Engineer: 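Sharing a structure below in structure tokens format, with a few things to ask.
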Amino acid sequence: MTGTGRTKTWTVEISIVESGSDVRAEARLRGREGGQMVGQGTARCNPADENVPAIGDELSTARALSDLSHQLLNRAAHDIEVHTARPVERLRA
């Protein structure tokens with residue numbers, strides 16, 4: 001995809017909630033046509049490990065972004081199938 005064209009901006013907002021040894025993150029994608037998508041991820045500190053909150057934040061956020069990327073791939077595959085009336089191979093997450 002080359003050339004000049006209009007610029008689109010999509011924004012991802014990450015929300016992280018800590019509750020004891022559990023961390024939950026949401027990655028909310030805004031700016032897409034048709035609304036928003038939300039990816040979710042969790043992390044839990046093993047009781048035998050040192051509690052380092054930043055690691056839980058990183059893991060839960062990475063998992064939320066991974067969930068979001070899988071949703072985007074599946075949405076793209078679905079949209080291609082709708083427009084081409086043919087099944088998509090090797091694109092779904």
Side-chain angles (χ1 to χ4, degrees):
M1 294 183 201
T2 59
T4 55
R6 66 183 182 136
T7 300
K8 300 176 185 179
T9 301
W10 291 4
T11 303
V12 176
E13 179 181 356
I14 308 292
S15 299
I16 302 169
V17 177
E18 296 178 18
S19 178
S21 62
D22 295 335
V23 181
R24 179 178 180 86
E26 282 189 355
R28 189 171 302 273
L29 175 64
R30 292 189 176 100
R32 291 181 52 260
E33 292 179 15
Q36 64 182 355
M37 297 178 86
V38 179
Q40 298 182 353
T42 59
R44 173 176 289 146
C45 181
N46 184 326
D49 293 339
E50 179 183 353
N51 185 12
V52 182
I55 294 172
D57 293 353
E58 293 166 351
L59 280 173
S60 61
T61 297
R63 290 172 176 158
L65 289 168
S66 177
D67 180 35
L68 183 59
S69 75
H70 284 87
Q71 290 180 47
L72 283 168
L73 280 171
N74 288 330
R75 173 74 57 91
H78 174 265
D79 291 347
I80 291 168
E81 289 172 346
V82 167
H83 285 88
T84 64
R86 291 185 298 186
V88 172
E89 298 178 21
R90 299 184 307 254
L91 181 62
R92 293 192 187 275

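All residue numbers refer to positions in the sequence shown, counting from 1. Note that the structure is a prediction, hence the values are computed from the model and not measured.
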Engineer: Test L68 against V38 for side chain to side chain contact (heavy atoms under 4.5 Å, CB included), laying out the working first.
Structural biologist: CA-CA 6 Å; L68 183 59; V38 179; over 6 Å; no
Engineer: Is there a side-chain contact between R30 and R28 in this structure, where contact means two heavy atoms from C-beta onward sitting under 4.5 Å apart?
Structural biologist: yes
Engineer: Less than 4.5 Å apart, side chain to side chain, heavy atoms only: is that true for R24 and S60?
Structural biologist: no
Engineer: With no hydrogens and no angle check, is any side-chain donor or acceptor of N74 less than 3.5 Å from a backbone partner on H70?
Structural biologist: yes
Engineer: Indicate the atoms forming the closest heavy-atom contact of G56 with A43, along with that distance.
Structural biologist: O-CB, 3.7 Å
Engineer: Is any side-chain heavy atom of L65 closer than 4.5 Å to a side-chain heavy atom of I14?
Structural biologist: yes
Engineer: Would you say T61's side chain and D57's backbone share a donor-acceptor pair under 3.5 angstrom?
Structural biologist: yes
Engineer: Please name all residues satisfying side chain to side chain contact (heavy atoms under 4.5 Å, CB included) with I80, sequence neighbours left out, ordered by chain then number.
Structural biologist: T84, V88, L91
Engineer: Looking at CG of L73 and NE2 of H78, how far apart are the two atoms once the value is rounded to the nearest 0.5 Å?
Structural biologist: 14.5 Å
Engineer: Out of curiosity, R63 CZ to E58 CD, how far, rounded to the nearest 0.5 Å?
Structural biologist: 12.0 Å
Engineer: So do the side chains of V23 and I16 get within less than 4.5 Å of each other, counting heavy atoms only?
Structural biologist: yes
Engineer: Can you tell me how far CD of Q36 sits from OG1 of T11, rounded to the nearest 0.5 angstrom?
Structural biologist: 11.5 Å
Engineer: Heavy-atom distance under 4.5 Å between the side chains of L72 and M37, does that happen here?
Structural biologist: yes
Engineer: Which distance, rounded to the nearest 0.5 Å, do you find between the CD of E26 and the CG of D67?
Structural biologist: 10.0 Å
Engineer: Any chance you could measure E18, atom CD, to C45, atom SG, to the nearest 0.5 Å?
Structural biologist: 10.5 Å
